[in-house]
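Following: one structure in structure tokens, then a few remarks.
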Amino acid sequence: MIDLKYLQNNFDEASMKLQKKGVDADTLKMLKDMFATLKESNVAFESTKAEQNRLSKEFGAYKQKGQDTSELKAKLEALKSEITKLQESARNAEESLENLALTIPNFPDDAVPQGADENDNVEIKKVLTPKAFDFTPKEHWGLGVANGWIDFERGVKLAKSRFSVLKGKGAKLERALINFFLDTNAKAGFEEFNLPLMNNSAMLLGTGQLPKFGDDLFKIDDEDLYLIPTAEVPLTNLYNDEIVDVNSLPILMSAYTPCFRKEAGSAGRDTRGMIRQHQFDKVEMVAIAHPDKSDEIFEMMVENASGLLTALGLPHRLVMLCGGDLGFGAAKTVDLEVWLPGQQKYREISSISNTRDFQARRAKIRYKEDGKNSFVHTLNGSALAVGRTLIAIMENYQDENGEIEIPEVLKKYM
RNA sequence: AGAGGGGUGGCCGAGCGGUUGAAGGCGCACGCCUGGAACGCGUGUAUAGUUAACGCUAUCGAGGGUUCGAAUCCCUUCCCCUCUGCCA
């Protein structure tokens with residue numbers, strides 16, 4: 001959630017910032033007005049309520065002394081209906097404000113480039129040079145089936161389209177990658193977690209998936225539970241509604257979980273292969289940070305994720321997302337895109353974001369410093385998407401016969 | 001799933017209709033004491049909104065009701081614990 005006081009006091013600046021994310025000024029104006037309305041209703045309610053509290057106390061004193069209370073009682077009864085009305089309008093004002101506020105995306109950082117979509121993203125740098133093949137490299141789906149690593153048909157039979165099965169060496173490589181990622185993240189200071197794969201709606205609201213993006217979530221029937229779309233949800237919300245000691249910051253966490261997404265809105269995209277599945281494995285990093293340190297930690301997280309790809313010998317590039325491509329909660333995002341020789345394309349394999357205090361405000365994650373409570377900054381990033389790494393290894397490490405070499409750093413995990 | 005018990009501040013725990021935002025304890029912070037520390041003593045210590053500030057308002061799992069007045073009474077609901085059942 002954005003800071004409404006900031007919106008109120010710096011409307012033009014705020015509105016300019018959110019233009020980058022495609023929020024029009026009229027919506028923000030409405031939000032600002034609703035905020036003002038709420039304040040007015042609160043003042044009206046609170047002052048009347050104060051009067052009631054005062055007279056009620058007096059009433060008690062009268063009673064104790066055995067004085068006549070009929071006059072007071074008449075006054076209080078009149079106040080009562082007024083208060084009910086005032087309270088209701090204050091509540092309505094709050095509800096409509098919140099309903100709108102929860103759908104407004106985060107402010108992008110000033111450094112975020114202007115742009116409409118992924119075509120306007122800005123490349124930061126390339127790491128490792130794609131190797132030259134003296135044959136035409138194949139795409140991963142062919143390689144996966146030929147090597148007996150991936151069974152697409154039976155995945156569909158078991159569930160539906162966009163599900164697949166890994167087997168044999170493919171399954172083992174998946175597991176090896178998970179272990180390699182977790183171990184490397186641990187060395188970088190990220191403590192390992194094993195988490196519930198279903199979270200309740202309050203948590204999904206905290207990290208920003210709800211209320212706006214419920215369509216992309218698998219919901220459990222008759223329960224207030226959703227399959228997590230990323231470990232960012234449970235990891236960040238470990239501290240939901242908590243006040244952490246400033247000395248415990250930064251809190252660095254990592255977890256492997258399967259992730260579940262309906263992929264609403266991506267109909268027809270990446271229907272072949274394992275790029276876009278309803279269920280996929282990911283190792284995630286999350287940081288709960290002091291606002292002064294979040295930029296530094298962001299850089300560290302990018303380096304760590306990029307380091308994983310480098311260690312695996314996978315050519316990749318770092319991309320700064322433009323305003324139009326930036327996620328709902330992110331103030332700044334760097335994507336890592338891995339080179340896929342079969343597709344002759346760089347494809348997203350990690351996304352590292354600083355949400356600043358946007359999630360913290362929703363999830364009420366604060367830190368206490370000098371007796372004062374403030375919102376923390378939360379950061380998240382994949383390190384890495386496991387299935388996509390598997391694909392990248394298949395395509396980058398294939399030989400002319402379609403056989404796949406195992407990267408050196410993974411051999412001890414196989 | 002059935003029966004019973006319970007949800008109060010960072011934690012434990014009292015309160016069971018009116019100066020209670022909440023006794024007491026633990027923890028924590030600061031001060032005194034000490035050569036230094038422990039012990040001891042003193043002071044302070046919930047969250048959010050609003051205010052220049054004093055203060056005011058809300059919050060005792062959540063929602064609703066009774067009442068002039070609810071942490072306290074009633075209803076609904078969620079969660080936790082124990083026993084029984086089931087089960088990896």
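Per chain, numbering begins at 1; letters A, B, ... match sequence-line order.
Separating the C1' atom of B:C26 from that of B:G35 is a span of 31 Å, rounded to the nearest Å. Using C1' as the reference atom, B:C41 and B:C33 are 8 Å apart when rounded to the nearest Å. Separating the P atom of B:G10 from that of B:A23 is a span of 14 Å, rounded to the nearest Å. Distance noted for atom P between B:C60 and B:A53: 26 Å (whole Å). Annotation: B:G21 and B:U34 have their P atoms spaced 42 Å apart (nearest Å). Distance noted for atom C1' between B:A70 and B:U8: 14 Å (whole Å). Taking atom C1' in both B:U82 and B:C30, one finds a spacing of 44 Å when rounded to whole Å. Comparing the same atom, C1', in B:C75 and in B:U66 gives a spacing of 10 Å after rounding to whole Å.
Residue A:Arg366 has a polar side-chain atom (N or O) positioned under 4.0 Å from OP1 or OP2 of B:A48. Taking only side-chain nitrogens and oxygens, A:Lys368 never comes nearer than 4.0 Å to OP1 or OP2 of B:A29. Look at A:Arg91 and you'll find a side-chain N or O under 4.0 angstrom from OP1 or OP2 of B:G64. In this model, the phosphate group of B:G18 is not approached by any side-chain N or O of A:Asn53 to a distance below 4.0 Å at OP1 or OP2. At B:A48, one or more side-chain N or O atoms of A:Asn373 fall inside 4.0 Å of OP1 or OP2 (strictly under the cut-off).
Between A:Lys138 and A:Leu143 the shortest heavy-atom distance is O-CD1, 3.7 Å. Residue A:Val319 comes nearest to A:Ile124 through the heavy atom pair C-CD1, 4.2 Å, listed as atom of the first residue, atom of the second, then distance.
Here the nucleotide nearest the side chain of A:Phe59, chosen from B:A48, B:G18, B:U57, is B:G18. Of the candidates B:C68, B:G64, B:G49, the closest approach to any side-chain atom of A:Lys73 belongs to B:C68. Closest approach to the A:Glu46 side chain among B:G49, B:A46, B:G18 is made by B:G49 (side chain taken as heavy atoms from C-beta onward).
A:Val127 is not listed as a side-chain neighbour of A:Trp339, based on a closest heavy-atom distance of 4.5 Å or more.
Note on A:Lys39: only backbone sugar-phosphate atoms sit closer than 4.0 angstrom, heavy atoms only; bases stay farther off. Here A:Lys49 lies in heavy-atom contact (under 4.0 Å) with sugar-phosphate atoms only. Among the protein residues, A:Leu55 comes within range of no part of the nucleic acid, since none of its heavy atoms lies under 4.0 Å from any strand. Residue contacts shown for A:Gln52 are limited to sugar-phosphate atoms, with no base heavy atom under 4.0 Å away.
A tilted orientation is assigned to the rings of A:His278 and A:Phe163, their planes being inclined by 30° to 60°.
Nucleotides of RNA chain B nearest to A:Ser374 and A:Ala50 differ in position, and the one nearer the 5' end is that of A:Ser374.
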